[in-house]
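Below is one structure, written out as structure tokens, with a few remarks after it.
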Amino acid sequence: MDLPDPTGLLSGTHTGTAEVPVGRLWRVVTSVGGDTGWFTPEVVWAARCGVDRLLGGPGRRRERPDRPPRAGDLLDFWRVEEVVATGSHRRLVLRPLTKLPGTMRLTLEVDREAPARSRLTVRHVFTPSGPAGTVYGLTTAAGDQALYAWMRTAMLRAAEARDPG
């Protein structure tokens with residue numbers, strides 16, 4: 001697990017490769033949300049969103065556009081902040097709409113390593129706001145590390161298993 005750095009960031013980076021072209025892995029990454037889900041155990045998101053609803057947040061949503069995501073779109077309870085899809089580098093940056101004592105960003109990047117090999121990087125960064133944010137960040141850090149590592153692995157497996165058509 002990454003430890004907090006002196007600026008107060010809590011983060012993790014999870015990287016892996018798949019024997020597929022960039023476009024195929026990118027289609028998996030940009031399929032998140034809605035009926036596809038988040039390539040992680042649904043019970044985790046249900047619990048987090050249930051707590052969020054109790055705190056006055058939006059809670060669980062199941063929505064996404066019927067097209068690849070664009071900046072400003074909603075993917076369930078995440079807002080798309082940035083989409084870069086040029087050449088051999090692709091990036092999707094998401095911000096949760098849930099109530100948090102700080103700010104969080106989830107970045108999913110796909111890069112070409114070889115014609116038929118791609119690298120996926122899942123990066124999550126939480127910047128706490130005040131003591132409550134620090135306690136929250138430290139309390140959820142281990143779970144976040146496991147959750148986003150799971151997401152990376154499941155996305156890579158899904159890309160390798162999908163029909164290339």
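Cluster membership for W150 and V43, using ILVMFWY side-chain heavy atoms within less than 4.5 angstrom, is not shared. V83 and L106 fall within a single hydrophobic cluster, where Ile, Leu, Val, Met, Phe, Trp and Tyr side chains are chained together by heavy-atom contacts under 4.5 Å. Note: the hydrophobic cluster containing L94 also contains V44 (ILVMFWY, side chain heavy atoms under 4.5 Å, direct or indirect links). L120 and V93 fall into different hydrophobic clusters, where Ile, Leu, Val, Met, Phe, Trp and Tyr side chains are chained together by heavy-atom contacts under 4.5 Å.
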For side chain to side chain contact (heavy atoms under 4.5 Å, CB included), just list the numbers for V110 and L108, CA-CA rounded to whole Å, side-chain angles, deciding distance to a tenth of an Å, and then say yes or no.
CA-CA 7 Å; V110 177; L108 306 167; over 6 Å; no
For the pair L147 and W38, evaluate side chain to side chain contact (heavy atoms under 4.5 Å, CB included) and give the outcome as yes or no after the intermediate values.
CA-CA 10 Å; L147 181 71; W38 292 89; over 6 Å; no
Going through the checks in order, is the salt bridge (Lys or Arg N to Asp or Glu O under 4.0 Å) test met by R62 and E42?
CA-CA 12 Å; R62 283 284 196 192; E42 287 295 316; 2.7 Å; yes
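Of the possible donor and acceptor atoms, one in the side chain of T36 sits under 3.5 Å from a partner among the backbone N and O of S31. For R64 (side chain) and D76 (main-chain N/O), no donor-acceptor pair under 3.5 Å exists by modelled atom type. Not one N or O on the side chain of S11 forms a donor-acceptor pair closer than 3.5 Å with the backbone of V125. A distance-only check finds a donor-acceptor pair linking the side chain of R79 to the backbone of G72 [under 3.5 Å]. R24 places a side-chain N or O within donor-acceptor distance of the main-chain N or O of E160, the cut-off being under 3.5 Å.
Counting heavy atoms from C-beta outward, V135 and P128 have side chains that stay 4.5 Å or more apart. For the pair T13/V122, no side-chain contact is recorded, criterion being any heavy-atom separation below 4.5 Å from C-beta on. Looking at P96 and M104, their side chains come closer than 4.5 Å, going by heavy atoms from C-beta outward. In this structure the side chain of L92 reaches within 4.5 angstrom of the side chain of V80, judged on heavy atoms. The shortest distance between side-chain heavy atoms of R91 and T107 falls below 4.5 Å. Between R112 and R119 there is no side-chain heavy-atom pair separated by less than 4.5 Å. Side-chain contact check for Y136 versus L100: some heavy-atom pair is nearer than 4.5 Å. Counting only heavy atoms from C-beta outward, the side chains of M155 and V29 approach each other to under 4.5 Å.
Scanning all heavy atoms of the two residues, the minimum distance from A159 to V20 falls at O-CG1, 3.6 Å. Residue G133 comes nearest to F126 through the heavy atom pair O-CE2, 3.3 Å, listed as atom of the first residue, atom of the second, then distance. Across every non-hydrogen atom of V22 and S118, the tightest pair is N-OG, 3.0 Å.
The other members of the hydrophobic cluster of L74, by chain and number, are L97 (side-chain heavy atoms under 4.5 Å, ILVMFWY only).
Ring centroid separation for the pair H124 and Y148 comes in under the 6.0 Å cut-off.
Put simply, CG on L10 and OG1 on T140 are 7.5 Å apart, with the number rounded to the nearest 0.5 Å. Rounding to the nearest 0.5 Å gives a distance of 13.0 Å between CG of L25 and CZ of R117. Taken from NE2 in H14 to CG in L156, the straight-line distance is 12.5 Å, to the nearest 0.5 Å.
Contact check on R105 versus E81 returns a salt bridge, with a Lys/Arg side-chain nitrogen under 4.0 Å from an Asp/Glu carboxylate oxygen. One finds a salt bridge joining D73 and R67 here, because a Lys/Arg side-chain nitrogen approaches an Asp/Glu carboxylate oxygen to under 4.0 Å.
Residue R157 qualifies as open at atom CZ: its count of foreign heavy atoms under 6.0 Å is 12 or below.
Relative ring orientation between W78 and W45 is described as perpendicular, the plane-to-plane angle rising above 60° on a 0-90° scale split at 30° and 60°.
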